[in-house]
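Every chain is numbered from 1 and lettered A, B, ... according to where its sequence line falls, protein lines coming before strand lines.
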Protein chains: 2
Amino acid sequence: MAAPREPSEMRILSVAGEHLRQHGLRRFTVVAVAEEAGMTHANVYRYFPSRTALIDAVVDVWLKSAERKLADIADGPDPAEDKLERLILALAKANRDLLHEEPHLFAALSQAVAKRHAISRRNRTRVRALFERVIDDGIATGAFEPRDRDRAIAFVIDATHRFIHPASLELEADVPQASVDARLATLIRVALRTLATGVI
Amino acid sequence: MAAPREPSEMRILSVAGEHLRQHGLRRFTVVAVAEEAGMTHANVYRYFPSRTALIDAVVDVWLKSAERKLADIADGPDPAEDKLERLILALAKANRDLLHEEPHLFAALSQAVAKRHAISRRNRTRVRALFERVIDDGIATGAFEPRDRDRAIAFVIDATHRFIHPASLELEADVPQASVDARLATLIRVALRTLATGVI
DNA sequence: GCAGTTACATTTTACAAATTTTGTCATTTT
DNA sequence: AAAATGACAAAATTTGTAAAATGTAACTGC
């Protein structure tokens, strides 16, 4: 899907990634990125239409890489129950790890989500599609028997929201990971049981 | 519990409430509140130790009033299932209505929560206690049979987080209320069923 | 002694000028 | 023709400073 990027474009993107991770959104300037990439800032605009677009491109690289891991899970040969559990855990872990290991990049993602940038809306749509696929898979194999498929999908997303959405993760940044993991495990168990027993 | 406030303190609090609702956090000044209350700003400090404390006091009035409604539900004679459902609905509705009807006050509450002010921590503790009471009630009457009481409480709070926490409510400010209501109803149904059937 | 004020030091905020950055485009370079 | 630059207007940020607000304490009148 992604067009093969030219070397200059790649270089800019890579330098921009370093800058964003190291200095954060506020200190991120097109001028500084261009200088470190060995060109004038005007040339950056040949490849990225705006500062915001460049930042979004950096975030998008991370989002796409996370999506690939999720897609691998969703497309695997395992039972839908296992895949749904691993999908939720992987998504929660990816975001939570980003919060702790790359706080500046997390902040940029968080802002893109809050301001509903195209990259985050599209990511949301694609991730949601993965959930739909796995749940449909489970319905097809009889593992899940919800009365209303759409309602079941919304339920899973709403119930796990606390452990997945950047805005919610920030709230609990200092809660011990083990405790969060235990609570998420409970929630997943309930969600799987709910899908299996047709309560919805 | 609350000490009977002196007339001046009440007057300041009431004027501060109007100012906060009308002008918002940014334009809220102790000088303006004092002037409208017919005194100099220095006198305000006889009753409230700081601007922040005054704002928190205004938010606390609202929190306490919301808590009373919740306590009425929790202390009622109805079955624990009904009470838990109404508790969640009332809490979600109180916060959501505040967001739409008093956006400035909502913003002040949101900030107090984000910055973990004492008023919000205590409110959280008391609201949590209401949930615990109702769930314990349900366990005592046999309506709920969770394997682990604490885990069950955490589960209910985590699962409904999306519809209750200010930070999450802001995200969906523009989603039609009917749609949100339907999703919350689903979540409540699942939570009640889960508590009843001892999955946790 | 209590409610309130006046006076004042400290901290924020508001605003204007200077500087930097963003974004565009004609021109140069390869 | 594609890649890059220099020059420039518009927008955003920073800097310095005046004004306002916050917060303290000594003082006044009841």
Side-chain angles (χ1 to χ4, degrees), chain A residues 2-60 104 107-108 110-112 114-115 117-119, chain B residues 2-60 104-105 107-108 111-112 114-115 117-119:
Chain A
R5 297 177 183 287
E6 302 173 45
S8 289
E9 189 174 350
M10 283 299 293
R11 173 147 181 72
I12 294 165
L13 195 53
S14 138
V15 170
E18 290 171 35
H19 267 247
L20 190 57
R21 277 163 226 260
Q22 284 173 24
H23 310 300
L25 269 175
R26 284 213 36 180
R27 299 199 190 180
F28 178 98
T29 69
V30 178
V31 169
V33 169
E35 188 178 10
E36 194 165 314
M39 60 186 71
T40 57
H41 77 277
N43 199 43
V44 169
Y45 287 92
R46 286 183 48 74
Y47 301 96
F48 299 94
S50 68
R51 174 184 183 270
T52 302
L54 178 52
I55 291 167
D56 280 354
V58 171
V59 173
D60 204 38
H104 287 314
S110 204
Q111 193 172 94
K115 292 190 173 174
H117 290 193
I119 52 151
Chain B
R5 298 179 182 286
E6 304 173 43
S8 289
E9 190 175 351
M10 282 299 293
R11 172 144 181 71
I12 294 164
L13 195 54
S14 137
V15 170
E18 289 172 36
H19 267 246
L20 190 58
R21 278 163 225 259
Q22 284 174 25
H23 310 301
L25 269 176
R26 285 213 36 179
R27 298 201 195 180
F28 177 97
T29 70
V30 178
V31 168
V33 170
E35 188 179 9
E36 194 164 314
M39 60 186 72
T40 57
H41 77 279
N43 198 45
V44 170
Y45 286 93
R46 288 184 48 74
Y47 302 95
F48 299 94
S50 68
R51 174 183 183 270
T52 303
L54 178 53
I55 291 167
D56 280 354
V58 171
V59 173
D60 204 38
H104 287 314
L105 187 53
Q111 193 172 93
K115 292 190 173 174
H117 290 193
I119 52 152

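Between the P atom of C:dT5 and the CD atom of B:Glu35 lies a distance of 12 Å, rounded to the nearest Å. Remark: C1' of C:dG23 and OH of A:Tyr45 are 5 Å apart, rounded to the nearest angstrom. Distance NE2 (B:His41) to C1' (C:dT5): 11 Å, rounded to an integer number of Å. Atom P of nucleotide C:dT21 and atom CD of A:Glu36 are separated by 15 Å, given to the nearest angstrom. Atom CZ in B:Arg11 sits roughly 16 Å away from atom P in C:dA3 (whole-Å rounding). What separates CD1 of B:Ile12 from C1' of C:dG4 is a distance of 11 Å, to the nearest Å. Distance, B:Leu54 CG to D:dA21 C1': 14 Å, rounded to whole Å.
For C:dT22, neither phosphate oxygen OP1 nor OP2 lies less than 4.0 angstrom from any side-chain nitrogen or oxygen of A:Ser50. At least one side-chain nitrogen or oxygen of B:Thr40 sits closer than 4.0 Å to the OP1 or OP2 atom of C:dT5. Applying the 4.0 Å criterion to OP1 and OP2 of D:dG23, one finds that B:Arg46 has every side-chain N and O outside that range.
Paired with A:Phe28 under the rule side chain to side chain contact (heavy atoms under 4.5 Å, CB included), one option of A:Arg51, A:Gln22, A:His23, A:Arg21 passes, and it is A:Arg51. In summary, of the residues considered (B:Leu54, B:Val15, B:Ile55), a side chain to side chain contact (heavy atoms under 4.5 Å, CB included) with B:Leu20 occurs for B:Ile55 alone.
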Step-by-step side-chain contact (heavy atoms from CB on, under 4.5 Å) determination, B:His104 to B:Leu25
CA-CA 7 Å; B:His104 287 314; B:Leu25 269 176; over 6 Å; no
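In this model, a donor atom of one side chain and an acceptor atom of the other lie less than 3.5 Å apart for B:His19 and B:Glu36.
In terms of position on DNA chain D, the residue among A:Tyr47 and A:Arg26 whose nearest nucleotide sits closer to the 5' end is A:Tyr47. In this structure, B:Arg51 and B:Met39 both approach DNA chain C, and ranking their closest nucleotides by distance from the 5' end singles out B:Met39.
At the heavy-atom level, A:Thr29 lies under 4.0 Å from the strands shown only through sugar-phosphate atoms.
Under the 4.5 Å side-chain criterion, counting only non-hydrogen atoms from C-beta, B:Gln111 is not in contact with B:Val59.
With distances taken from any side-chain atom of A:Val31 to the nucleotides D:dT22, C:dG23, C:dT21, the minimum falls on C:dT21. Across D:dG23, C:dT22, C:dA3, the shortest atom-to-atom separation from the side chain of B:Asn43 is found for C:dA3.
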